[in-house]
Amino acid sequence: MDENDKAPSSMVIGYWMSDRKSQKLNWIEFGKVCRQHGYELVKLDLERPLEDQGPFAVILHKLTEIIARNDEKAIQIIDRIEQYIKNHPKVLIIDPLDSVRTLLDRYKTYNVVLNTTLNNIDVFTPTFVEILSTNVKENIKKLKNAGVTFPFICKPFVAQGTTYCHQMSVIFNERGVADCKPPCVAQSFINHNAILYKLYVVGDHYQMVERPSLKNFYASNDDRDTITFDSHSVSKSDSSSELSVLDPSESVKGSSIDPIKLHSIVKTLGSYLNMSLYGVDVVVENDTNRHAIIDINAYPGYDGFPDFFGKLIDCVISRRAQSVCSKAYFEDSGFDTSDSSDEKKSRAKLNSINQYN
Ligand SMILES: Nc1ncnc2c1ncn2[C@@H]1O[C@H](COP(=O)(O)OP(=O)(O)OP(=O)(O)O)[C@@H](O)[C@H]1O
Ligand SMILES: O=P(O)(O)O[C@H]1[C@H](OP(=O)(O)O)[C@@H](OP(=O)(O)O)[C@@H](O)[C@@H](O)[C@@H]1OP(=O)(O)O
Ligand SMILES: [Mg+2]
Ligand SMILES: [Mg+2]
């Protein structure tokens, strides 16, 4: 490439995701989109110091599988990235590692939703409790105290990035409580006529896609054995699991998804999560029409998201503009933006400002 062809180094986007993910997204195309907007896209070599590869204006990543691995090598990789960010406070990271860590922990994620104002508009997270022990008696007591009802769904604590994190079970009775595999989160099952709504978010843009989901289960089925399943065999666009087929006696009433609620979910969660790239799984409860948030994913698949790359570069540009403005704003007000504790305070302040804009 001609040297004059190169974007200035301040316009380099360093990215990392697995080869599998970049192939699925046809990531080479994103390189072209970046060029059209004056950015250069460079894959990070996680084995080498980032200082030798930068400087970067932006770090864009799906590091969930590295963060979730948590072995010595993975810790070293993440430390390296965090150190770079600390040494270069102006670099924009999509998304901040602490925010991704929250989403990798289902228990923390559900607590975030619980503490938002979404409840006021009939958007909720089904009752949940963490199960950490294998003591069945103790767990039954814990479930009762928390108000988790049968049937409930048991999900591994780690939400993304491992081979087992999508292995789940539906538990119908006290006998089934022995099938909980701690550490996990037990969550009351919400009947929703086997329709899942996936909200894919890219910065200020979002798109809803409909997916198959689990059929209705009733408490009267209390002698049933536990059902185990892999979530990826139920709720992908091409899934056709038996677990999604409604019983013949059930009428297939369309649920009424409310676009205003979806809009509020995105507006509210964006600032609570401090994330730009995420997906929210929503089901609409039969009879009540309440909207339940059952899952939030960092950097999901975006299958069915029109013009993903166009929206992604848009997001990079607008987040950069925001972060430049906020740095200028806080420097003016005497904040030391290179100090990470001040940085945290300034982000919190900025979040609260954004929330009301
Ligand atoms: N509380 C619930 N009530 C009813 N059905 C649920 C509930 N939680 C999950 N499900 C069903 O189980 C599936 C998997 O659950 P969940 O989305 O939490 O798993 P996941 O592995 O994190 O999925 P993803 O691939 O989206 O990351 C959902 O798509 C939905 O069909
Ligand atoms: O491809 P990836 O590795 O990003 O897999 C992600 C997957 O996308 P895919 O649909 O392309 O498989 C997402 O599905 P949708 O919500 O978009 O349906 C969701 O399951 C994430 O939890 C997965 O993240 P992981 O568990 O792997 O970290
Ligand atoms: Mg899901
Ligand atoms: Mg998930």
Side-chain angles (χ1 to χ4, degrees), residues 21 24 62 64-65 68 100 102-110 112-114 123-129 143 146-172 181 184-201 208-219 221 226-246 255 265 269 273 275 277-288 290-305:
K21 176 102 178 164
K24 205 146 71 181
K62 167 122 186 184
T64 43
E65 64 201 65
V100 174
T102 299
L103 290 190
L104 287 190
D105 179 328
R106 292 189 199 270
Y107 187 69
K108 277 193 191 157
T109 302
Y110 294 136
V112 170
V113 181
L114 197 62
V123 175
F124 70 113
T125 187
T127 311
F128 62 95
V129 69
L143 289 158
V148 175
T149 46
F150 292 111
F152 66 81
I153 182 158
C154 223
K155 311 182 182 187
F157 236 68
V158 178
Q160 280 183 274
T162 68
T163 46
Y164 64 84
C165 65
H166 304 290
Q167 303 293 321
M168 322 214 149
S169 47
V170 184
I171 292 173
F172 294 91
K181 292 197 174 66
C184 59
V185 178
Q187 182 182 64
S188 295
F189 193 88
I190 303 295
N191 282 333
H192 57 278
N193 278 345
I195 304 169
L196 175 73
Y197 299 95
K198 273 192 178 275
L199 262 175
Y200 285 135
V201 184
M208 185 200 78
V209 301
E210 216 178 295
R211 290 275 180 87
S213 190
L214 289 181
K215 66 183 197 172
N216 303 324
F217 291 114
Y218 298 96
N221 294 331
T226 297
I227 294 174
T228 55
F229 68 100
D230 184 319
S231 65
H232 282 187
S233 63
V234 171
S235 291
K236 291 294 171 198
S237 50
D238 57 353
S239 299
S240 57
S241 163
E242 275 183 14
L243 292 174
S244 300
V245 182
L246 292 178
S255 56
I265 290 172
L269 285 183
L273 297 171
M275 295 279 294
L277 303 181
Y278 62 98
V280 189
D281 290 357
V282 177
V283 296
V284 179
E285 188 174 40
N286 293 348
D287 304 327
T288 70
R290 292 193 308 155
H291 290 35
I293 294 176
I294 54 157
D295 183 30
I296 306 181
N297 297 311
Y299 207 151
Y302 292 104
D303 193 6
F305 192 107

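Atoms within a ligand are numbered from 1 in the order they appear, just like the ligands themselves.
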What distance do [X] atom [atom1] and [Y] atom [atom2] have between them, rounded to the nearest 0.5 Å?
X	Y	atom1	atom2	value
Ile153	Ser188	CD1	OG	11.0 Å
Ile195	Ser213	CD1	OG	9.0 Å
His291	Thr125	NE2	OG1	14.5 Å

* Any cation-pi pair here, Arg211 with Tyr197, using under 6.0 Å and within 45°? -> no

For ligand 1, which atoms sit closer than 4.0 Å to a heavy atom of [X]?
X	answer
His192	4 (C), 5 (N)
Ser213	30 (C), 31 (O)
Lys198	26 (O)
Asp281	17 (O), 26 (O)
Leu196	29 (O)

Residue selection (non-hydrogen contact nearest [atom]) among [options]:
atom	options	value
atom 22 (O) of ligand 1	Gln160, His232, Arg106, Glu285	Arg106
atom 11 (C) of ligand 1	Ile296, Leu214, Val283, Val234	Leu214
atom 1 (N) of ligand 1	His166, Met168, Gln187, Lys236	Gln187

* **Donor-acceptor contact present, side-chain Asn297 to main-chain Pro300, <3.5 Å** => no

Looking only at protein heavy atoms, which one is nearest to [atom], and how far off is it?
atom	value
atom 14 (C) of ligand 1	Ser231 CB, 3.4 Å
atom 24 (P) of ligand 1	Asp295 OD2, 3.4 Å
atom 18 (O) of ligand 1	Lys155 NZ, 2.8 Å
atom 29 (O) of ligand 1	Ser235 OG, 2.7 Å
atom 3 (N) of ligand 1	Ile190 N, 2.9 Å

With heavy atoms only and a cut-off of under 4.0 Å, state how [X] meets ligand 1: side chain, backbone, both or neither.
X	answer
Ser188	backbone
Asn297	side chain
Arg211	neither

* Report yes or no: does Asn297 have an N/O/S atom closer than 2.8 Å to the Mg ion (ligand 4)? => yes

* Do the two ring centres, one from Tyr299 and one from Tyr278, sit under 6.0 Å apart? -> no

Quick one: sort the [X] and [Y] rings into parallel, tilted or perpendicular, breaks at 30° and 60°.
X	Y	value
Tyr200	Phe305	tilted
Tyr110	Phe128	tilted
His192	Phe189	tilted

* Taking NZ, NE, NH1 and NH2 as the nitrogens, is one of them in Asp295 or Arg106 under 4.0 Å from a carboxylate oxygen of the other? -> yes

* Of all N, O or S atoms in Asp295, identify the one at the shortest distance from the Mg ion (ligand 4). => OD2

* Asked: How is the N/O/S atom of Asp281 that comes nearest to the Mg ion (ligand 3) named?
  -> OD2

* Asked: Within a radius of less than 6.0 Å around NZ of Lys215, do more than 12 heavy atoms belonging to other residues, nucleotides or ligands occur?
  -> yes

* **Over all atoms of both residues, closest heavy-atom pair of Phe217 and Val170** => CD1-CG1, 4.2 Å

* Asked: At a 4.0 Å cut-off, with the gap strictly under it, does some heavy atom of Ala194 reach an atom of ligand 1?
  -> no

